[in-house]
Amino acid sequence: MRAVALRHEICDNLRLKFIGAVWHMTTQFSVAGVELELLRYPAQQESNLQAWDAADEHLLKSLVESEQAAVPTAIINDSFGALSCGLSKLNPSWPLFVETDARTSFLGTEQNHGRNQLPMDNLQWFTSRDTLPNHLALVLMKLPKNLSYFAHQLTRLSQVLPTGTRVLVAAKAKSINSALLDIFAKHLGPASASLAWKNTRVITCVSDGKPRPLAKEVTWAVPEYQLEISNLSNVFAANKLDIGARIMLDNLPKGDFKSIVDLGCGNGVLGLRTAQLFPEADIHFIDDSEMAVASAKANWARNQLPADKGHFYWDDCMTHLPEEVQPDLVLCNPPFHQGEAITDHIAWQMFLDARRRLKDGGILHIVGNRHLAYHVKLQRLFKNCTTIASNGKFVILQAQKK
Ligand SMILES: C[S@@+](CC[C@H](N)C(=O)[O-])C[C@H]1O[C@@H](n2cnc3c(N)ncnc32)[C@H](O)[C@@H]1O
């Protein structure tokens, strides 16, 4: 808790000092008689993004209008709990089975239930690798950006849903086309879309009761570093090395590192390479995606690295990293979107956390698209920033905690 409070304090100070403007975001959710106050996670962040979207509103509105009974319901890809809070508000004993791959979604849903005085006794959590219950009577989903992951989620549902179960998927109207409806038909059953409302539609898919096998993980090699990488379906860089990661691998820092954090590790390729270069070091892999953390862990074993030196955390940046971990190097290829939204607020949060957690003299070593101007952020935070390498598109930057 102290770590979160401290980050908010720093975040506040920097915001007032450097940005000179306070973000105003809407937090009042009001749809079909359901009133909630909803925040993103973390609640305090350098973005004016909202915790829900019109697709959430559309789904909840259609459930209220059809007087949906409180049957056992799965909720999948609910960003920060708008759907689960909405149903809990309609009926606090509505049995909810909430599946998410994102730690921020899990933490945000908890936070928003608390904020709206909604108990969570009616809710059970699942990651996208846990087995779902087989007595679901209704499924509500938000369409994720990654359609391979979506196909994986539908396939999982095909393995547990009785014939005729309705799956309602809310999405922006512009994301819905015949190719998407084919994905439903291939992995779960026939589907059709509603009329548009606020530029969104709700697709109704009816389970055909035929279980499908899960697709195999994708595996690929990075021959120049003798690494083999496998990726679960929701992991960044699905079937080849990311170009930002490649320039990072070609320009890793030198030093006598003992404790290294791979922040936003994805499949763990950066941390795996540092384990080869610095065999004495403990490597800490952190990602918001549970599948990413699972892939990094599997890749650690696949590349025969020593079990006691690899550590894995499903977390929002370094929020819950144990206090005794004091890195002397943090590696980071930061995300520049969250779901559909293009944003650099997570990069900012990662840099703040790195500054807070690095040992004195420790190094933050990052890669970024040149146009994102991360050097401005690092200079503000660390009061120093060195360009280590660059090509037309990417830049490798380093800042030292002094
Ligand atoms: C650009 S990818 C980099 C992946 C990998 N390090 C590489 O270089 O290929 C950014 C990663 O940050 C993760 N991420 C996004 N938000 C996060 C958060 N709040 N906390 C931790 N990781 C996060 C994403 O899941 C993704 O794996």
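Side chains are part of it too, since the values below use all heavy atoms of this structure and drop only hydrogens, waters and symmetry mates. For ligands, and for the atoms within them, numbers begin at 1 and follow the listed sequence.
Residue-ligand proximity, P334 to ligand 1, at heavy-atom distances under 4.0 Å covers atoms 1 (C). The contact set between ligand 1 and I346, taken as ligand atoms under 4.0 Å from a residue heavy atom, comprises 16 (N), 17 (C), 18 (C), 19 (N). Set against the non-hydrogen atoms of D315, the atoms of ligand 1 under 4.0 Å away are 20 (N), 21 (C). Here is the list of ligand 1 atoms found below 4.0 Å of a heavy atom in M350: 17 (C), 21 (C), 22 (N), 23 (C).
Within the 4.0 Å heavy-atom criterion, both parts of D288, backbone and side chain, lie near ligand 1. By the criterion of a heavy-atom distance under 4.0 Å, the side chain of L270, and not its backbone, is placed next to ligand 1.
Of the N and O atoms on the side chains of T104 and D288, at least one donor lies less than 3.5 Å from an acceptor on the other residue. Under the 3.5 Å distance criterion, with hydrogens and angles disregarded, a donor-acceptor pair is assigned to the side chains of N333 and D242.
Closest heavy-atom approach to atom 15 (C) of ligand 1 within the set P42, P335, A102, C332: this belongs to P335. Of all the listed residues (C317, G264, A245, G271), G264 holds the heavy atom that lies closest to atom 6 (N) of ligand 1. The option with the heavy atom closest to atom 25 (O) of ligand 1, from among V235, L107, D287, is D287.
The ring of W52 has its center no closer than 6.0 angstrom to the ring center of F80.
Between E57 and K198 there is a salt bridge, since at least one side-chain N of the basic residue sits less than 4.0 Å from a carboxylate O of the acidic one.
Remark: the backbone N or O of A54 is not paired with any side-chain donor or acceptor of H58 at under 3.5 angstrom.
Atom NE2 of H371 is separated from atom NZ of K393 by 9.0 Å, given to the nearest 0.5 angstrom.
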